[in-house]
Amino acid sequence: MASNYLVLNNFSKSGQVRLSRALFESIAEEAINEVKMASPAARKNKGLFKAQGPAKVAFRKDGKVDISLDVSLSKTAPVKDVCMRIQESVASAVQMMCETVPFSIKVRVTSLT
């Protein structure tokens with residue numbers, strides 16, 4: 001079963017620091033909103049009570065975080081450049097807010113608006 005938290009090694013005897021999957025998802029969604037000509041893809045209903053958002057986060061056993069993003073781009077957007085800016089924006093936001101968490105970011109364009 002997949003864990004919903006990433007435990008950081010802060011080498012403190014006071015307790016543990018845990019970062020939730022929802023934290024990474026919200027950071028990624030906000031970072032996508034900062035990029036011109038891009039927006040997070042619409043949420044998909046995945047059952048009666050669950051909605052799947054545009055950001056999906058998976059924690060590996062080795063402590064790395066995989067972030068997969070579904071985005072919607074403007075029809076006039078240069079796809080390669082905008083996707084690169086999305087990756088840079090998300091990477092910068094994750095590094096700034098979570099410090100030393102190693103991660104990978106995959107961007108998938110799901111629609112053009």
Side-chain angles (χ1 to χ4, degrees):
M1 181 173 177
S3 172
N4 287 324
Y5 295 95
L6 176 70
V7 179
L8 292 182
N9 292 324
N10 60 355
F11 304 105
S12 171
K13 295 181 182 182
S14 302
Q16 294 179 334
V17 174
R18 293 180 181 213
L19 304 176
S20 72
R21 179 175 279 118
L23 170 74
F24 286 98
E25 290 171 355
S26 64
I27 290 171
E29 287 183 43
E30 289 300 318
I32 293 170
N33 285 326
E34 297 295 320
V35 178
K36 291 182 182 178
M37 294 193 226
S39 63
R43 293 187 177 275
K44 299 175 189 172
N45 287 336
K46 191 180 176 185
L48 186 58
F49 297 106
K50 291 185 179 181
Q52 184 176 358
K56 293 170 237 26
V57 176
F59 299 134
R60 290 195 224 162
K61 289 183 180 182
D62 63 355
K64 293 184 181 176
V65 179
D66 294 323
I67 303 171
S68 299
L69 306 170
D70 291 341
V71 298
S72 177
L73 300 182
S74 170
K75 289 181 181 179
T76 59
V79 175
K80 184 178 178 181
D81 294 336
V82 173
C83 288
M84 183 70 75
R85 285 193 303 234
I86 290 169
Q87 285 180 318
E88 290 170 353
S89 178
V90 172
S92 174
V94 169
Q95 282 181 327
M96 182 174 56
M97 295 182 191
C98 302
E99 293 187 13
T100 61
V101 177
F103 53 87
S104 70
I105 301 167
K106 297 175 186 164
V107 178
R108 181 174 71 166
V109 177
T110 58
S111 65
L112 299 174
T113 56

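All residue numbers refer to positions in the sequence shown, counting from 1.
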Close side-chain approach of [X] and [Y], heavy atoms under 4.5 Å:
X    : Y   : result
F103 : V90 : no
P54  : V71 : no
S74  : K36 : no

Mind listing the closest non-hydrogen atom pair of K56 and E25 along with its distance? CA-OE2, 4.4 Å
Considering non-hydrogen atoms only, spot the tightest contact between F59 and L19 and give its length. CZ-O, 3.9 Å
[X] [atom1] to [Y] [atom2] distance, which is reported to the nearest 0.5 Å:
X    : Y   : atom1 : atom2 : value
I105 : S68 : CD1   : OG    : 10.0 Å
L69  : I32 : CG    : CD1   : 4.5 Å
S92  : M97 : OG    : CE    : 8.5 Å
T113 : K75 : OG1   : NZ    : 8.0 Å
L23  : R18 : CG    : CZ    : 14.5 Å
D70  : E29 : CG    : CD    : 10.5 Å

Should [X] and [Y] be counted in the same cluster of Ile, Leu, Val, Met, Phe, Trp and Tyr side chains packed under 4.5 Å apart?
X   : Y   : value
V17 : L6  : yes
I27 : Y5  : no
V79 : M84 : no

From CA spacing to verdict: side chain to side chain contact (heavy atoms under 4.5 Å, CB included), R108, T110: CA-CA 6 Å; R108 181 174 71 166; T110 58; 3.8 Å; yes
For the backbone of [Y] and the side chain of [X], can you confirm whether one donor and one acceptor N or O come within less than 3.5 Å of each other?
X   : Y   : answer
R85 : V35 : no
S26 : A22 : yes
S89 : A31 : yes

